[in-house]
Amino acid sequence: MKLTGAQILWESLVREGVTDVFGYPGGAILPAYDAMLDYPIRHVLVRHEQGATHMADGYARASGRVGVAIATSGPGATNMVTGIATAMLDSSPIVCITGQVGSRLIGSDAFQEIDITGITLPITKHNYLVTRAEDVARAVREAFVIAKSGRPGPVLIDITKDAQQSSCEFDWDAAAPVVPEWRRVPDAVNRTLQQAITLISAAERPVIFAGHGVLISGAMAELQALAERSHIPVAMTLLGIGGFPASHPLNIGMMGMHGEAWVNLAIQEADLLIACGMRFDDRVTGNLRTYAPNAKKIHIEIDPSEINKNVPADVPLVGDLRDVLARLTPAVAPSDRTIWLRRINDLKGDSAVRDIQSLPDEGHLYAAHVINDLWRATRNSDTIIVTDVGQHQMWEAQYYHHDVPRSLITSGGLGTMGFAVPAAIGAKRARPDADVWAVVGDGGFQMTMCELATAVQDSIDIKIAIINNGYLGMVRQWQEFFYERRYAATPLSGPDFVKLAEAFGIRGIAVSSRGDVLPAVDGARTHAGPVVIDFRVEQEDTVYPMVPAGADLHAMIRRPNPIVETGAD
Ligand SMILES: Cc1cc2nc3c(=O)[nH]c(=O)nc-3n(C[C@H](O)[C@H](O)[C@H](O)COP(=O)(O)OP(=O)(O)OC[C@H]3O[C@@H](n4cnc5c(N)ncnc54)[C@H](O)[C@@H]3O)c2cc1C
Ligand SMILES: Cc1ncc(C[n+]2csc(CCOP(=O)(O)OP(=O)(O)O)c2C)c(N)n1
Ligand SMILES: [Mg+2]
């Protein structure tokens, strides 16, 4: 069967199971767009190519499937860079397709020519420049294997215009991927598995770390089996949230810079850390020299380059987490760790007093209350929360309690403001039956709010909670603590978000007192179509606790006790 390169592209994508793509057309990708009309593909027209990549990323994180974004050459391709880097840092499987100028023009500074494979080399797992129709199918097939296998990540395929236009014989089987198959669990695991079993059995104060790898590997049941059998408390990374139910008695909460104080203290007291699919990010460890000084470390990780990168592993177990846990758990002796669990419980006492939830309602609208009420309203339904980056992101992690995997989607590694609204659109496309909420700061919202038009045009029913504090809040917090409250460039104005929503044809609601939170959330949930809620919260509120960057994990700045109001009050 003779097909054009453009037809082969769609034929291959459809055979890979792709149903939805997010993109924006232009000259160099026009042949592909023209061919698309003949294939069963739902295309979402974004308003900026960064949005397309975040949508593909949100789609991937919500579903575990590969997300696909498409753009033209030059500025279309460069607009994708932030979204590709975001997916790279968080190991999210996306495939980005870009048009390129004709192969004979490459290197001539042709109109909208840019070396996008060069630009994205360090932020993709792999990328391709395809100059012949004959190579399109193989590139697509390989890209999908690479994006989703092992440690997932983004792959880019740049296809010249002539490769899209010319024709060749389409042979799917001959284009079978030649990339190495997903690495099997190496033998090293067999040798080191026994060491891990011995360490776990001997430990008196162990902590399991649940990272993003739990969700990627689908190891939720295996993780729970290990925790329950050996009675070990489980702490989460930001990206591991949802990998172990928040309501499980062994879940002690998030670790790290804005993790729970008792979790960080427990880590510093622990005699064993069992790290499951997490990479000891600096937001997690603080000062490496004083990190978990008494603990042996078992590191279960699929990417060998993560072993000993930040924290030396006493026992590395390289392999797929689910496989490793399935082999490890039955060999671990059941044990009782009541004394250790009681100790952690004691550490919690002080935090309960400091908790903002203990504050009486004095007419202030705190972001933490908004998030907690959102959780109350949505906890019994299938809900995905997609956050942006900043203070609201941390309050979400602290006050929305996620019981199921893939119910929190957030940019952790790159910390990309502007992520939430487009990623929520992608998540809703992947999981149309779920309620999808974007929880976003007034700063991040203004970065990609143009995608509201996308949600309207394609009838994508997302709800948006703007945590509006009139500041680039997280940066203001750093200025408050470390720059003597010199608020350089952090006070932030914005449009009237209710009117803005209405201008897009979306319902807008403003909320400024706690009593109005639940009715607004319920109103949004029952409204068919996108809703924007402008939560006008306390302006100079602070995320506690906070481990200052590079400080010892136990040297946290704690919420003043009793709570002291901040400057503006
Ligand atoms: C403002 C801000 C504040 C933050 N504060 C915190 C904080 O307080 N606490 C916190 O935890 N984070 C925080 N973060 C996020 C932080 O920067 C990191 O993104 C996060 O800690 C990474 O979590 P992770 O290691 O679990 O996930 P990833 O970075 O996604 O790493 C996952 C690891 O799992 C491995 N893996 C993947 N698949 C498998 C598999 N099948 N089997 C085994 N292993 C696998 C990967 O190779 C990788 O090493 C913050 C981010 C921002 C923007
Ligand atoms: C694209 C991008 N630019 C800058 C930053 C640095 N940064 C991190 S948090 C933050 C403030 C976010 O403000 P807002 O969106 O209003 O959220 P808030 O912290 O107030 O909840 C900034 C500027 C970033 N993470 N991403
Ligand atoms: Mg803000």
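Keep in mind it's a predicted model, so treat the numbers as computed, not measured. Computed over heavy atoms, backbone and side chain alike; hydrogens, waters and symmetry mates excluded. In listed order, ligands and their atoms are each counted from 1.
Here is the list of ligand 1 atoms found below 4.0 Å of a heavy atom in Gly415: 53 (C). Residue-ligand proximity, Gly390 to ligand 2, at heavy-atom distances under 4.0 Å covers atoms 9 (S), 19 (O). Within ligand 1, counting atoms from 1 as listed, the ones closer than 4.0 Å to a heavy atom of Gly256 are 8 (O), 9 (N). Residue Asp442 has at least one heavy-atom neighbour below 4.0 Å for each of these atoms of ligand 2: 16 (O).
Some N or O of Ile302 is nearer than 3.5 Å to an N or O of ligand 1, by distance alone. Checking only distances, Phe280 never comes within under 3.5 Å of ligand 1, N or O to N or O. Checked against a 3.5 angstrom limit, the closest N/O atoms of Met255 and ligand 1 fall inside it. Any N or O atom pair closer than 3.5 Å counts here, and Tyr471 shares at least one such pair with ligand 2. Considering both main-chain and side-chain atoms, Asp388 never comes within under 3.5 Å of ligand 2 through any nitrogen or oxygen pair. No N or O atom of Val389 sits closer than 3.5 Å to an N or O atom of ligand 1. Considering backbone and side-chain N/O of His258, one or more are found under 3.5 Å from N/O of ligand 1. Here's the thing with Leu238: one of its N/O atoms is less than 3.5 angstrom from an N/O atom of ligand 1.
The closest side-chain donor-acceptor pair between Thr454 and Glu451 falls under 3.5 angstrom. A donor and an acceptor atom, one from each side chain of Tyr400 and Thr378, are located under 3.5 Å apart. There is no side-chain donor-acceptor pair under 3.5 Å between Arg558 and Tyr544. Donor-acceptor pairing under 3.5 Å is recorded for the side chains of Tyr487 and Glu540. Between the side chains of Glu260 and Ser351, not a single donor N or O lies within less than 3.5 Å of an accepting N or O. One side chain, Arg151 or Ser91, offers a donor N or O that lies under 3.5 Å from an acceptor on the other.
Closest to atom 25 (N) of ligand 2 among all protein heavy atoms lies Gly415 O, 2.8 Å. Protein heavy atom nearest atom 14 (P) of ligand 2, with residue, atom name and distance: Gly443 N, 3.5 Å. For atom 21 (O) of ligand 2, the closest non-hydrogen atom of the protein is His392 ND1, 2.8 Å. Residue, atom and distance of the protein heavy atom nearest to atom 13 (O) of ligand 2 are Leu472 CA, 3.4 Å.
At a threshold of 4.0 Å, the pair Asp323-Arg327 does not count as salt-bridged, since none of the basic side-chain nitrogens sits closer than that to a carboxylate oxygen. Under a 4.0 Å N-O distance rule, the pair Arg283/Asp281 does not qualify as a salt bridge. Look at Asp534 and Arg536 and you find a salt bridge, because one of the NZ, NE, NH1 or NH2 atoms lies within 4.0 Å of a carboxylate O, short of that distance. Using a 4.0 Å cut-off between a side-chain N of Lys or Arg and a carboxylate O of Asp or Glu, Arg279 and Glu306 do not qualify as a salt bridge. Ionic pairing of Asp90 and Arg61 is present here: one or more N-O contacts between side-chain nitrogen and carboxylate oxygen are shorter than 4.0 angstrom.
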**OP:** Show the numbers, then the answer: is there a side chain to side chain donor-acceptor pair (under 3.5 Å) between Glu396 and His402?
**Re:** CA-CA 10 Å; Glu396 201 286 345; His402 291 269; 2.9 Å; yes
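At a heavy-atom distance under 4.0 Å, atoms from both the backbone and the side chain of Asp320 approach ligand 1. Residue contacts with ligand 1, taken as heavy atom pairs separated by less than 4.0 Å, involve Leu321 via backbone and side-chain atoms alike. With a 4.0 Å cut-off on non-hydrogen atoms, Arg279 touches ligand 1 through its backbone as well as its side chain. Contact annotation: for Glu306 versus ligand 1, heavy atoms closer than 4.0 Å belong to the side chain alone. In Ile216, the part holding a heavy atom less than 4.0 Å from any atom of ligand 1 is the side chain.
Residue Glu301 holds the heavy atom nearest to atom 35 (C) of ligand 1 of all those in Glu301, Gln477, Arg283. For the residues Gln393, Arg322, Met474, the heavy atom positioned nearest atom 53 (C) of ligand 1 is part of Gln393. Distances from atom 18 (P) of ligand 2 to the heavy atoms of Gly444, Gly470, Gly473 show the closest one on Gly473. Proximity annotation for atom 32 (C) of ligand 1: of Gly277, Gly211, Gly412, Gly277 comes nearest, heavy atoms only. Comparing Asp281, Asp388, Asp323, Thr285 by heavy-atom distance to atom 20 (C) of ligand 1, the nearest is Asp281. Looking at Arg476, Met417, Met474, Gln539, it is Met417 that brings a heavy atom closest to atom 6 (C) of ligand 2.
Within a 6.0 Å sphere centred on NZ of Lys309, heavy atoms belonging to other residues, nucleotides or ligands number more than 12.
Residues Tyr399 and Trp395 place their aromatic rings such that the two centres sit no closer than 6.0 Å. In this structure, Tyr24 has its ring center no closer than 6.0 Å to that of His48.
At a 4.0 Å cut-off, not a single heavy atom of Ile467 sits close enough to ligand 2 to count as contact. Using 4.0 Å as the threshold, Ala210 has no heavy atom nearer than that to any atom of ligand 1.
Look at Tyr471 and the Mg ion (ligand 3): an N/O/S atom of the residue is under 2.8 Å from the metal. The nearest N, O or S atom of Asn469 is closer to the Mg ion (ligand 3) than 2.8 Å.
Of the possible donor and acceptor atoms, none in the side chain of Arg514 sits under 3.5 Å from a partner among the backbone N and O of His364. The backbone N or O of Val214 lies less than 3.5 Å from no partner atom in the side chain of Ser217, so there is not a single donor-acceptor pair.
In Asp442, the N, O or S atom that comes nearest to the Mg ion (ligand 3) is OD1.
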